[in-house]
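Here it is, the structure, as C-alpha cells.
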Amino acid sequence: MRFNIVTPVLNGEKFINETILSVVSQTGPFSIRYHVQDGVSTDSTIKLLTAWQNRLANDFPINCAGIKFSFSSEPDRGLYDAVNRGFAACGDSDLMAWINADDRYEPGAFVTVAEIFDKHSDIDWVTGRPTVINETGGMLHISPIVPFPRTAIAAGIFEGRFARPFIQQEGTFWRPGLWEKTGGLNANFRLAGDFDLWRRFAMQSDLVIVDTILGCFRRRRDQLTDNIGRYHAEIDSSLSPNEMETRVKISKSYAKARFEYRVLLRHYEGPWVCERWPMCVLPFLGTKAFKAEHWRLSLMARFDKEIRQIKKRLTTAENAAVRPKKVQN
C-alpha cells in the first residue's frame, strides 16, 4: 500500500522539521510518496528541505517499505493551490492526505490507516479524534469521538457556528477515487478549502471516525485559522441561499441528535470493527453527551472482554469433557 502525502509550506522553518519527521518516521508495511510544495519561502525552509532530501537518500533509518521524498518551490495561488500541485507531482497511490507545515502525525497513524483501508473496502475516508497541540508540541486537547453524520457534513454545519466540532484535516485520509470524483481542492478558497472538500466528499460517501489519534493541529500565533470572521464569511459566500437554508435545518436536527454516524473501534488486540452509532439522545448535556458515548464505549469493551473470557473457559471445559480418558491397565 502506498501513501501520497503533501505538505504545503511558506516560510515554515520553525516547525517544518517536526512535520517532516512525523511523516518519514512512520513504521509499517507500506511505502510513502512525500512531496513538499513550497511557495517561494524567504527564510531557511529551502535549506531545511534540501537537508532532508539528502538525509533521506543516504543515512536516515527507513522503517517502512520505502520513502520517496521531493520538494519544489514556485509561486502559487495559496494553500489549496499548493496542495493540488503537490498531489499532481506525486502520481498514483492507494491513500492520500496532506499535513500542513506546522502540524504533525502521531506515531502509528499510517499503519493504523493502512490496516483499516485494507480490511474495509467500503470505507472511502476516515478521520481520527480531533487533537490540538500548543506551539511547543504539548497536548492541549484530545476530543472524544465526535459524530460527523454524512448529511450534516454535506450541509456544511461543521464550521463553529451551527455545530462546534470541526473535521480535523490533519487526521483525515482518503482513497484517490474520492479525490478524483470530487475534483480535488477548490483553489479559489483561501481559508475554508478543506471545509468545501469535506462537503463534496460527504456527497459521495460516509466519513468514518476512528477511535484513535491520527494527527495533531498546532495552535500558534499568527496562523490563518485565527481569523474566524473571514473564515465564516468565505464559507457563507460559497453557499447558495437554498444551501444556507438547508444548513440551518440540518443543524437543528443535529442538535436534537437525529442522525447516525459510523465509528471504527478496536477492542484490545482485536480487529478494527466498523459500527453505526446513533447520536446521544440527551443533546442538552452538551459536552457531557460525548462523555456518555465514551462511557458506552468503555462498557462495550469491558463486556466484550468478559464475553471472550467466558467463551474461552467454556471451550476449555468442553474440550476437557470430550477428551478420552486414559485406560489404566
Side-chain angles (χ1 to χ4, degrees), residues 3-20 22-23 33-46 48-49 69-90 93 96-105 125 127 130-133 135 153 156 158-160 166-174 176 178-180 182-201 214-239:
F3 286 83
N4 274 4
I5 307 296
V6 169
T7 292
V9 62
L10 177 63
N11 297 328
E13 62 182 4
K14 187 171 182 180
F15 302 110
I16 188 69
N17 280 331
E18 185 177 352
T19 301
I20 293 174
S22 78
V23 176
R33 174 68 176 94
Y34 186 23
H35 182 81
V36 178
Q37 186 70 28
D38 177 74
V40 191
S41 292
T42 56
D43 63 1
S44 64
T45 296
I46 298 299
L48 295 173
L49 293 177
F69 176 84
S70 63
F71 72 90
S72 59
S73 184
E74 58 187 356
D76 55 52
R77 295 169 53 198
L79 167 65
Y80 304 113
D81 181 42
V83 174
N84 284 338
R85 290 169 183 249
F87 282 127
C90 285
S93 70
M96 301 173 68
W98 92 81
I99 185 83
N100 291 327
D102 48 3
D103 303 319
R104 74 181 187 214
Y105 289 119
W125 60 314
T127 193
T131 304
V132 182
I133 58 177
E135 194 149 350
I153 300 170
F158 297 111
E159 40 87 288
F166 292 83
I167 298 172
Q168 186 166 289
Q169 165 260 311
E170 298 77 20
T172 302
F173 296 77
W174 61 89
L178 194 57
W179 176 266
E180 293 164 5
T182 54
L185 286 158
N186 183 343
N188 291 320
F189 281 88
R190 290 292 175 266
L191 302 172
D194 51 345
F195 167 89
D196 174 71
L197 183 67
W198 307 150
R199 285 190 66 219
R200 288 183 281 119
F201 276 7
L214 297 176
C216 301
F217 168 75
R218 189 188 304 271
R219 290 286 300 166
R220 62 174 179 82
R221 289 172 294 177
D222 303 322
Q223 60 190 162
L224 289 175
T225 49
D226 280 343
N227 198 328
I228 196 67
R230 285 180 56 198
Y231 173 79
H232 288 150
E234 185 173 74
I235 288 173
D236 291 345
S237 66
S238 73
L239 301 176

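What you are looking at is a predicted structure, and each value in this text was computed from that prediction instead of being measured. The figures here come from the full heavy-atom set of this structure, side chains too, leaving out hydrogens, waters and symmetry mates.
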Distance-only donor-acceptor check, side chains Ser70 and Arg33, under 3.5 Å: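 Side-chain D/A pair, Ser70 to Arg33: present.
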
Donor-acceptor pair, side chain of Arg190 and main chain of Arg77, under 3.5 angstrom: yes

Reported SG-to-CE distance for the pair Cys90 and Met96, which is rounded to 0.5 angstrom: 7.5 Å

Audit row: Phe15, Glu135, side-chain contact (heavy atoms from CB on, under 4.5 Å) steps and yes/no: CA-CA 9 Å; Phe15 302 110; Glu135 194 149 350; 3.7 Å; yes

Straight-line distance of Ile228 CD1 to Ile235 CD1, nearest 0.5 Å: 7.5 Å

Sidechain-backbone polar pair: Gln168 side chain, Gly215 backbone, donor-acceptor under 3.5 Å: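 Yes, because the side chain of Gln168 sits within donor-acceptor range (under 3.5 Å) of the backbone of Gly215.
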
Trp174 and Trp198 aromatic ring geometry - parallel, tilted or perpendicular at 30°/60° bounds: perpendicular

Salt bridge flag under 4.0 Å for residues Arg220 and Asp102: yes

Centroid-centroid distance, Tyr80 to Phe189, less than 6.0 Å: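 No: the rings miss the under 6.0 Å criterion.
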
Shortest non-hydrogen separation from Pro176 to Ser93 and the atoms involved: CG-O, 3.2 Å

Donor-acceptor under 3.5 Å (Thr131 side chain, Cys216 main chain):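 Checking the backbone N and O of Cys216 against the side chain of Thr131, no donor-acceptor pair under 3.5 Å is found.
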
From CG (Leu49) to OG1 (Thr7), nearest 0.5 Å: 9.0 Å

Rounded distance [0.5 Å steps], CG in Leu10 versus CG in Asp76: 7.5 Å

Residues Phe166, Phe195; criterion side-chain contact (heavy atoms from CB on, under 4.5 Å); working and verdict: CA-CA 9 Å; Phe166 292 83; Phe195 167 89; over 6 Å; no

Residues Glu170, Arg104: salt bridge by 4.0 Å N-O rule: no

Criterion side-chain contact (heavy atoms from CB on, under 4.5 Å) on Tyr105 and Val23, from CA distance to verdict: CA-CA 7 Å; Tyr105 289 119; Val23 176; 3.8 Å; yes

Nearest non-hydrogen partners of Ser41 and Ser73, listed with the distance: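 Minimum heavy-atom separation between Ser41 and Ser73: N-OG, 4.3 Å.
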
Nearest-0.5 Å distance that lies between atom CD in Glu180 and atom CZ in Phe87: 12.0 Å

Heavy-atom side-chain contact between Asp194 and Ile167 under 4.5 Å: no

Ring center gap for Trp125 and Phe173 short of 6.0 angstrom: no

Spacing of CG belonging to Leu48 relative to CD1 belonging to Ile20, to within rounding of 0.5 Å: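 Interatomic distance, Leu48 CG to Ile20 CD1, rounded to 0.5 Å: 7.5 Å.
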
Side-chain heavy-atom pair Asn84, Gln37 within 4.5 angstrom cut-off: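 Side chain of Asn84 against side chain of Gln37, heavy atoms only: no contact under 4.5 Å found.
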
Main-chain N/O of Glu13 paired with Asp43 side-chain donor or acceptor, under 3.5 Å: yes

Shortest non-hydrogen contact between Asp38 and Val40, atoms and distance: OD2-N, 2.8 Å

Within-4.5 Å side-chain heavy-atom neighbours: Tyr34 and Val6: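 Side-chain contact under 4.5 Å: no.
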
Side-chain (His35) to main-chain (Val83) donor-acceptor, under 3.5 angstrom: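 It does not hold such a pair.
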
Backbone N/O of Leu191 and side chain of Glu234: donor-acceptor pair under 3.5 Å: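 Looks like yes, one N/O pair under 3.5 Å.
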
Main-chain N/O of Thr42 paired with Asn11 side-chain donor or acceptor, under 3.5 Å: yes

Check: His232 main-chain N/O paired with Glu159 side-chain donor or acceptor under 3.5 Å: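 A pair under 3.5 Å: no.
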
Note, Trp98 side chain near Thr172 side chain (heavy atom, < 4.5 Å):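 Trp98 does not reach Thr172 side chain to side chain.
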
Test side-chain contact (heavy atoms from CB on, under 4.5 Å) applied to Arg218 and Asn100, Val132, Asp103, the passing residue: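 Exactly one option meets the side-chain contact (heavy atoms from CB on, under 4.5 Å) with Arg218, and it is Asp103.
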
Steps toward side-chain contact (heavy atoms from CB on, under 4.5 Å) verdict (Thr45, Phe71): CA-CA 11 Å; Thr45 296; Phe71 72 90; over 6 Å; no

